[in-house]
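None of the values given here were measured: they were computed from a predicted structure. Each ligand, and each atom within it, is numbered from 1 in the order the structure gives. Side chains included, hydrogens not; waters and symmetry mates left out as well; all remaining heavy atoms used.
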Amino acid sequence: MLLTITTTHTPADDLSFLLHKHPGRIQQVELSAGKAHIFYPEVSADQCTAALLLDIDPIGLVRSAGPKGNDFALEQYVNDRPYVCSSFMSAAIAKAFSSALNGRCKDKPELLDVAMPFVAKLSVLPVRGGEGLLNALFEPLGYTVAATQHPLDPAFPEWGMSRYFTVELTNTITLQQLLSHLYVLIPVCDNDKHYWIAKDEIEKLLDKGKAWLETHPARELIVRRYLKNQRKLTNLAFEVLVNEDEMEEETDEKTEAEENPVEPADPKPRIHDLRLLAARNELLAAGAKRVADLGCGEGKLMKLLMAEKQFEFILGMDVSYRSLEIAKSRLRLERLPEKQRERVKLIQGSLTYRDRRLEGFDGAALVEVIEHLDEARLAALERSVFEYAKPEVVVVTTPNAEYNVKFENLEGGKMRHTDHRFEWTRKQFEAWGTSLALKYNYDVIFKPIGESDPAVGSLSQMAVFCIRVKDAGQFI
Ligand code: SAH
């Protein structure tokens, strides 16, 4: 498998100084299960390409700490490892380009901090999660991603597509940043058995990733996959990455709780449809054109929004990759005509981190999202939505805990969903919304949703926040 790195920085052959590899020679480094060859297919002042070619020995792979097949007897001999970019490519990067990866350049140290235009091409990259995952991993780091997915067998198109992609990543960054992104994210895409999993992997991950991983919206997935789902190691890595009190609980498993709600069967019409309609109507009434569905889940609100011409651009964001995949297929995004397709975008991210992709929207909705966060994490969500993203209108819905007594099959004191961290009374919700509005310069009104009872209020509750016009006072 082949990795090429091309730059058009002037002079382009500065790349060879940064890589500490002479452009006129073919060089080799030994790996535990094969060899890596480094050479330059093109070198000129305008354009320079360095190539890293891995030559993995399948037998050596088995003898070293290679992947031990569980699935069928010969798997350890017959597998894709020699032919794809995997953790071996990361090992090769670390060995062949160790100075560049560690930010050292003997002859021209001034180049270390220069952001250069790079195109990195991975000839075969297995991606569990498809193009959506590739984008979720590389786009937040500023890359333009061009990916070509390969069929399982071109002779049998009915077999469908494989998980193998040819990937081209374009970005203007330092070489060290580029290499550290590739080092960490190649095995994350692959998500196969790594031949390394040891405690020092945490150090490697933190060392190569700390500068950009802390703020990456897919941080949890990256850490989890990189450490191959080993809970203990993952937790350890998180403890180093974030303060204890910042630890997040949100995971992909969230949606499983969504699919097994404890919430009793909804009376007709379905309460959830009422919430979605209420949120859509508020966004329509506010005249919003660019709207964001924050915590979009499986895209139910987005479907309603897409039916309205008023909404020129609709963004769906969720922390759960699985939900996004369901949303993508439910909304049939792949089958939409191009113009419609450009109108809708799904991104993975966490609402508890500032995210520039959420800026510039007229309206946003958080339908049944806040109660999925620990109360201690709400302040972080408030800041990222109301202080940084700052849409003109924000609609928030949440269950009304007082109404729970009316659900016959819900034991007293229990919540409607296993994944709910809290459910608020009307008073609690109003106190939260009012102080939030005051703090971030919004006006807020509260509205009931669904059937209402004089004693306990409505099934669900909604707050509609409208940004205050700046310095309105001067016109009074
Ligand atoms: N709004 C959707 C889904 C509600 S379920 C609907 O009404 O149908 C709550 C959703 O919030 C889940 O999809 C969950 O993954 C998402 N979520 C929880 N914490 C989040 C966070 N920190 N950032 C973004 N989404 C989050």
Electrostatic pair E312:R290 at N-O distance under 4.0 angstrom: no
Presence of salt bridge, E298 and R322, under 4.0 angstrom: no
Pi-cation contact, F313 with R343 (under 6.0 Å, within 45°): no
G349 to ligand 1, any heavy atom closer than 4.0 Å: yes
For ligand 1, which is the ligand I care about here, please tell me if [X] has any N or O atom under 3.5 Å from one of the ligand's N or O atoms.
X	result
D318	yes
K300	no
V367	yes

Shortest heavy-atom approach to atom 11 (O) of ligand 1 - which of L381, I326, V369, L373: V369
Nearest-option assignment for atom 8 (O) of ligand 1, heavy atoms, candidates K303, H272, E298, E368: H272
Out of all atoms in ligand 1, which are within 4.0 Å of some heavy atom of [X]? Include the element for each.
X	value
G295	1 (N), 2 (C), 3 (C), 10 (C), 11 (O), 25 (N)
C296	2 (C)
S320	15 (O)
L351	21 (C), 22 (N), 23 (N), 24 (C)
H372	5 (S), 9 (C)

Whether over 12 other heavy atoms sit under 6.0 Å from E158 CD: yes
Pair Q348-D318, side-chain donor/acceptor within less than 3.5 Å: no
Short side-chain donor-acceptor distance under 3.5 Å, R219 and H216: no
Plane angle bin for F386 and Y440 - parallel if under 30°, tilted between 30 and 60°, otherwise perpendicular: parallel
side-chain contact (heavy atoms from CB on, under 4.5 Å) partner of Y403, the single match among Q461, E451, E423: E451
